[in-house]
Amino acid sequence: MLRSLGTALAVCIALLVCSATAAAQRISMAASANRVAVGEPFAVEIRVDIADDEPDSLELPDFGQLEVLSRSQARPMSFSLSFGSGGQQAQVKKEIIYNFTLRAPSRGAYNISPAVMMLGKKRYATQAINIVAAGDVPQGQGAPSMGGLSGQDFDPDERPARRVAPPSGLDGATYDPTMFLRTVVDKKTAYVGEQVTVTVYLYLHGQLPDNPNITREPTLEGFWSQDLMAIHGGLPPVRHDANGRPFNAYVIRRFAAFPLRPGKLEIGAPSVELSAGGSIFDLMNGAPQALRRNGVKVGIDVLPLPAQPTAGAPTYTGTLAMDATLEPSEAKVGDGVTLKVSMKGSGNLRALSLPTPKLPGLETLSPEVDDEVTADGDTIGGQRVVRWLMLPREAGTRTIPAFAVDVLDPATGKFTTVRTQPLTLTITGQSVAAPAATAASASAVPDQNAARFGPVRAESALRRTSPELRTRGWFWPSVGAAPLLVLLLSGLRLLRRAQAKRRAGNRGLQALREVDERLDKAAQAAKAGDARAALGLLGSAIKGALEARLKEPVGGLTMSALETHLRARGMEDKLTGRVIGQLGALESARFDPTAQGAVQVTRAMEGVRALIAELSRFRPKPAPAARRTRIDDAHEEGRT
Amino acid sequence: MNGRRISGALLAIAVTLCAWSARAESLSDVFTRGNTAFARGEYAEAVRAYETLIDSGIDDPDVSFNLASAYGAQGKYGQAIRYFQRALRRAPGDEAARAGLKQSRAALGERQAQAQGEAIVVDRPPLTEALFSGLSSDALATSLLVAIWLATGLFLALPSLKAEMLRLGVGIASALLLVVAIASALGVGAKADWGQEGARAVILRDGTAVREGPDEGARRAAELFEGDLVRVLAKRGGYARVLVRSDLTGYVRSEDVGEI
């Protein structure tokens, strides 16, 4: 595990090094998005690092058919001091930054050629960027791709990050070179009930140091609103130029507002406070000061609904689908029947109320309403389910008439009528008295808190008592089996390792026995006058002793390889020298008749015995992995 | 002879099917009857209908919710607390039941304060309960089972993995899953009231006497109020042996205490 962590750390360091190397490049080009909608503005930034020299020439890219909406150039400079062993060092970093706002006029693929810079005799070029334009920008929605720069890599399947960029212009916002508020609405004219998407941007020249404190929320008198940020979460900032100055535009509020009445309605001016400073200079200058800014109010002209086709029917602005059911469709007098109407669509469904059906002989109680608000992109919609409990009082057949809603399509300004199907209820049994008589029954004497409880649930799965999972017989054995399995397999693994170790130990003992046998055979050969064989057996005994200590074969190694390997296994230089020297001397003596006298052989035998005794005290280090594998292979070959 | 046997068998099957369908329909009807009674303000009738369902073996959170609401509407807040808690035990995420429980406790506290001048309303669950309040016992048990087997699988797969980064990732994932399994096991334990005796219950009547023995003549050891929480250790002869505090056990009449 530690090794794995070490590897992870190494990879992180390597990545940091790579990113640092990448940061050192002289010229770069990046686009805010590789996939854009037709007509949607997006940004391209070219950054030239001129830390050392001014470029001799700089060739900006050819944008081809892409429309250039705006361009700006900045030459920021940073100055840093570092203190090291070599004393104080000052570093000046200069950059040239070109910002372009572009737009694709039609669908298709666009290519932005590389930007090229000449510095001395060296040529630096960026990569080309491919832009794919598809679909039109939805009416009234902010361009989603004006945000952070996505880099130069082109991935056709990549979806642009959700960003909401302000459109060009300032919408009457009070400009300030440091910070200002801007309220953007997607439409200035809307029908009653039509969604108006409102976005409040905080324009800041620089980075937002802290969460801004909104001291006054935009007032919404005459609107029903739904917070979009609560549904989608916060939005990242967007680079945007205002009056030729680069700003970061932060979305601080975004909501859907539905006008409830016709006329001129206003979205109130917000106020924001931002604590500034916090640097060492602020400490010297006193407490950091807060920046406060006020936004401006935005007016919406709300149009009255046109004449509706169905007199008396409820009206709705948006899209709508309706369905009605009756459960059960046959009931006895006094039994409850549930009438359920489900409505789905886009728009302000919570403002849509249906009339309570009134039929003779059928008492209908107050409805139970369930709402589910969803947002498809920025379009608010969802589902509203209305349930009425109906109590039949008289036998007979009743037809519950169809519910009809006049739905206005704001795009066309025309109504269509959405209807449910009529429903038939068959009631059997004898008629009962009016509910007023039963309501006063003795059992219905709730105390004053009774109104706090209810309504009750109209539907139930009527599930039966079932034992909890934890009480089932198989549950705890199933849970316990997992750690037991781990213990069992870990135990087996340890057992196998111990066996392998024992086998290795046995191999060592056997090797030592072989060494002794070889020494005895060498003594016998010396007695018999076969000095050459005796010397060979002595050399073999030394190698056998080495193999017994190292637990690996060394027979195939050359003298120099053996010397290196013995050192790698932790043998001291002195002992290594003796081993190599003794082996070399024995090898030479085998082919030198003058060294094969009885005295020399006896002396060699004593030397070898002393060396083997010393080798028995040697404690080798573990073999390197690669070497061990080779040795294991050699063992396998030996076995086969 | 054979024809008679077949006819008999068919008749028996038909009777069984009819009885089964009548029963299924009857339960649904009882539920609707309870709802209708509730809508009319006939809360006692609604309680009777919902209790019939509970006695028939129904343990549905919606039925418990409706029963609790009917008891609450009658001013029987002890019972309301009991059934709202039962609804929450089956559906821990039921916000309406949670609100109803809070409402019942508040109403009970209000009434007790009016009667006695002061009242203590325990509104906060114990820490272990609060930690796992949004999850059901079954959800935690499933999470435990899945997490422990995934952790085991990943741990056992570790030695066979060659790539160091993959080993690292799998090792971390295995450790995280183990943490999830341990947390789930703690949750299951908390839901099952491990380490605590008896079953959770609510006192249903103000002034319930806790006696030293299962007899009306036994000495009163304490007096409990409606909504007080106790643990039922055993039931015997119309009395329930309850644990009131760690240092106080006694006997209360069975009808004065309701198990959650």
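In the text below, chain A, chain B and the rest are named by the order of the sequence lines, each starting its count at 1.
Side-chain atoms of A:Ser460 do not come within 3.5 Å of backbone N or O of B:Asp62 as any donor-acceptor pair.
Between A:Arg470 and B:Ala141 the shortest heavy-atom distance is N-CB, 4.4 Å. The two residues A:Ser478 and B:Leu145 make their nearest non-hydrogen contact at CB-CD1, 3.7 Å. When all heavy atoms are compared, the tightest approach of B:Ala39 to A:Leu389 is CB-CD2, 3.6 Å.
The CG atom of B:Leu144 sits 5.5 Å away from the CH2 atom of A:Trp476 when rounded to the nearest 0.5 Å. Atoms CZ and CZ, on A:Phe453 and B:Phe84 in that order, are 5.5 Å from each other to the nearest 0.5 Å.
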#### Entry: Audit row: B:Phe155, A:Leu485, side-chain contact (heavy atoms from CB on, under 4.5 Å) steps and yes/no
CA-CA 11 Å; B:Phe155 183 77; A:Leu485 186 66; over 6 Å; no

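At a 4.5 Å heavy-atom cutoff, B:Ala185 makes no contact with chain A through either its backbone or its side chain. Heavy atoms of B:Leu156 lying under 4.5 Å from chain A belong to its backbone as well as its side chain. In this structure, the portions of B:Ser104 lying under 4.5 Å from any heavy atom of chain A include both its backbone and its side chain. Only the side chain of B:Leu53 comes within contact range of chain A, with at least one heavy atom under 4.5 Å from a heavy atom of that chain. With a 4.5 Å cut-off on non-hydrogen atoms, A:Ala481 touches chain B through its backbone and its side chain both.
Residue B:Lys235 qualifies as enclosed at atom NZ: its count of foreign heavy atoms under 6.0 Å is above 12. Residue B:Glu255 places its CD atom among more than 12 non-hydrogen atoms of other residues, nucleotides or ligands, all under 6.0 Å distant.
Taking the side chain as every heavy atom from C-beta outward, B:Arg40 and A:Leu391 approach each other to under 4.5 Å. For the pair A:Val456/B:Phe31, no side-chain contact is recorded, criterion being any heavy-atom separation below 4.5 Å from C-beta on. Under the 4.5 Å side-chain criterion, counting only non-hydrogen atoms from C-beta, B:Ser137 is not in contact with A:Leu469.
Looking only at heavy-atom pairs under 4.5 Å with chain A, the residue among B:Pro159, B:Ala80, B:Ala68, B:Gly100 that has the most is B:Pro159. Options B:Leu67, B:Thr32, B:Val63, B:Asp94 differ in how many heavy-atom pairs under 4.5 Å they form with chain A, and the most are formed by B:Asp94.
Ion pair A:Arg457/B:Asp60 not flagged as a salt bridge, since none of the NZ, NE, NH1 or NH2 atoms sits closer than 4.0 Å to an Asp/Glu carboxylate oxygen.
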